[in-house]
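If you're wondering where the values come from, they're calculated on a predicted model, not measured in any experiment. In this chain, numbering begins with 1 at the start of the sequence shown.
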Amino acid sequence: MLILGASGFLGGALYKELHRYYDTYGTYHTGKIYSDNRHFIHFDVTQDSIYEVLNQVRPTLVISALRGDFEGQVEAHEDLCDFAQRTGIFVIYLSSANVFDAFTNYPSYELDKTLSESKYGKLKIRCENFFLNFLPEEHYAIIRLPMVFGVNSPRIRQIKNAVLLQEQVEVFPHLIMNTTTDRKLGQQIHYIINRKCFGIFHLGSNDLIHHQEFINEIIAKLDLKIKPQFKLVYTSNFDRYLAVLPKDNKLPGHLSITNEEVVAESQVY
């Protein structure tokens, strides 16, 4: 197994969950702690060819949690798709709710048409389409994620630092969303691999919440004893949805999560 982007937040969570059960390798871009680990391979998405890593590891399964330069990501995923076509490996691609950010009136389900107005959403659609258009469905899992939190998540650290430094925390009062944690994602991906599931998965909490309410609950849970300052960002005059919910490809109940549980699991110790 190979995890592309294993030194990042999500890739690292997946490596932590899976490496005890599978012969797992990962790529890293920066970080000296990885250079002496034979299971980690340096990969720069702007300069290196993904073929070199794939030919070195010869994985039967690749999980992509790659970040970085957008054009570099596109080329890497196009090459990954080509490699998968030729070798028959299974690919798990971490995508985003942003593939639906042009649709604002309702939550999105697995088979809904994708359409994005953001550069990030358009990137994710482009990469998704490599696998959707050129691989048999049983050879891929596309994982669409909402905002991901958790104890060591960049979002939680950012919120905590902003409050402590008495800087403004951005909230979107009209945004209705769902969330998840890195730990729950690890469990869900583990299940998908174990049970040989395939297709498109929406792995967000099974309930929805306004962004402002969620951030308020996170800050209350952090218990920082400092009154937070908010910057209210209105992108529309009405409520808008950016949420991914499952309808056709549901995982078992024990793998679901609620926003309340996400808040509880995101407490910084």
Side-chain angles (χ1 to χ4, degrees), residues 1-15 25-32 34-35 40-59 61-103 108 112-137 139-148 153-155 158 170 182 185 189 200-203 235 242 244:
M1 179 189 300
L2 173 65
I3 300 174
L4 303 173
S7 59
F9 170 55
L10 293 182
L14 294 177
Y15 186 88
Y25 292 81
T27 67
Y28 72 98
H29 179 218
T30 55
K32 198 174 179 187
Y34 301 105
S35 58
F40 277 79
I41 300 155
H42 183 265
F43 175 69
D44 183 335
V45 76
T46 60
Q47 296 178 8
D48 300 332
S49 167
I50 198 72
Y51 287 117
E52 293 177 15
V53 180
L54 293 167
N55 286 324
Q56 181 179 340
V57 178
R58 305 302 296 183
L61 186 152
V62 174
I63 302 173
S64 176
L66 268 183
R67 297 182 305 160
D69 177 78
F70 281 14
E71 283 307 310
Q73 284 194 55
V74 169
E75 185 177 337
H77 288 104
E78 189 173 18
D79 291 347
L80 173 59
C81 182
D82 171 66
F83 186 87
Q85 276 183 301
R86 290 188 288 105
T87 61
I89 65 167
F90 191 83
V91 176
I92 298 176
Y93 176 64
L94 299 192
S95 188
S96 165
N98 285 86
V99 299
F100 299 110
D101 65 27
F103 302 116
S108 301
D112 289 352
K113 177 179 168 55
T114 55
L115 187 65
S116 174
E117 292 172 343
S118 68
K119 287 182 179 178
Y120 181 66
K122 288 173 181 173
L123 164 74
K124 288 296 186 180
I125 290 173
R126 205 170 159 193
C127 292
E128 276 191 12
N129 283 340
F130 290 133
F131 309 114
L132 290 169
N133 295 336
F134 298 110
L135 293 184
E137 189 182 25
H139 282 219
Y140 65 78
I142 288 172
I143 312 295
R144 295 189 184 129
L145 296 171
M147 290 189 188
V148 185
S153 68
R155 283 191 172 96
Q158 189 179 19
E170 267 193 356
D182 56 327
L185 174 64
I189 297 289
I200 299 171
F201 296 86
H202 282 189
L203 299 186
T235 54
L242 189 61
V244 282

**Report entry** Heavy-atom side-chain proximity of Arg144 to Ser95 below 4.5 angstrom
**Finding:** yes
**Report entry** Pair listing, salt bridge (Lys or Arg N to Asp or Glu O under 4.0 Å) test, anchored in residues 44-54, at least two apart
**Finding:** none
Query - Taking every non-hydrogen atom, the tightest pair across Val74 and Phe130 - result: O-CE1, 3.5 Å
Query raised in the report: How are the rings of Tyr15 and Phe40 set to each other: parallel, tilted or perpendicular (split at 30° and 60°)?
Result: tilted
Query raised in the report: Would a 4.5 Å heavy-atom cut-off, applied to side chains only, mark Asn98 and Lys124 as touching?
Result: no
Query raised in the report: Given side chains that start at C-beta, do those of Leu80 and Tyr93 come closer than 4.5 Å, heavy atoms only?
Result: no
Query raised in the report: Can you list every pair that meets salt bridge (Lys or Arg N to Asp or Glu O under 4.0 Å) and has a residue in residues 62-77, with sequence neighbours left out?
Result: Glu71-Arg126
Requested in this report: Check the angle between the aromatic planes of Phe131 and His77 and answer parallel, tilted or perpendicular using the 30° and 60° thresholds.
Outcome: perpendicular
Query - His42/Tyr28 aromatic ring centres below 6.0 Å - result: yes
Report summary line: Quick note, salt bridge (Lys or Arg N to Asp or Glu O under 4.0 Å) partners involving residues 79-95, not counting sequence neighbours, are Asp82-Arg86
Query - Reported OG1-to-CD distance for the pair Thr46 and Gln73, which is rounded to 0.5 angstrom - result: 11.5 Å
**Report entry** Nearest-0.5 Å distance, CD1 of residue Ile189 to CD1 of residue Ile143
**Finding:** 4.0 Å
**Report entry** Minimum-distance pair of heavy atoms, taken over all atoms of Ala13 and Asp182
**Finding:** CB-CB, 3.7 Å
Requested in this report: Could you please spell out the steps behind the side chain to side chain contact (heavy atoms under 4.5 Å, CB included) verdict for Leu115 and Phe100?
Outcome: CA-CA 5 Å; Leu115 187 65; Phe100 299 110; over 6 Å; no
Query raised in the report: Between Val57 and Tyr25, what is the shortest heavy-atom contact and its length?
Result: CG1-CD1, 3.9 Å
**Report entry** Evaluation steps, side chain to side chain contact (heavy atoms under 4.5 Å, CB included), between Ile92 and Leu14
**Finding:** CA-CA 12 Å; Ile92 298 176; Leu14 294 177; over 6 Å; no
Query raised in the report: What closest approach, in Å, do Ala97 and Pro146 show between heavy atoms, and which atom pair accounts for it?
Result: CB-CA, 4.3 Å
Query - Spacing of Leu242 atom CG and Ser108 atom OG [to the nearest 0.5 Å] - result: 7.5 Å
Query raised in the report: What's the spacing between Leu61 CG and His139 NE2 if we round to 0.5 Å?
Result: 11.5 Å
Query raised in the report: So, do Ser116 and Val99 sit near enough that their side-chain heavy atoms are less than 4.5 Å apart?
Result: no
Query raised in the report: Rounded to the nearest 0.5 Å, what separation is found between the CG atom of Asp112 and the CD1 atom of Ile200?
Result: 10.0 Å
**Report entry** Leu135 side chain reached by Gln85 side chain, heavy atoms, under 4.5 Å
**Finding:** yes
Requested in this report: Could you tell me which non-hydrogen atom of Ala65 sits nearest to which non-hydrogen atom of Leu94, and how far apart they are?
Outcome: CB-CD1, 3.7 Å
Query raised in the report: Taking C-beta and beyond as the side chain, do Ile142 and Phe201 meet within less than 4.5 Å on heavy atoms?
Result: no
Query raised in the report: Does the side chain of Phe9 come within less than 4.5 Å of Val148's, by heavy atoms?
Result: yes
Query raised in the report: Between OG of Ser64 and CG of Leu4, what distance do you get to the nearest 0.5 Å?
Result: 5.0 Å
Query - Minimum heavy-atom distance between Phe83 and Ile89, given as atom pair plus value - result: CD2-CD1, 3.7 Å
Query raised in the report: Going by heavy atoms in the side chains, are Thr27 and Leu2 under 4.5 Å from each other?
Result: yes
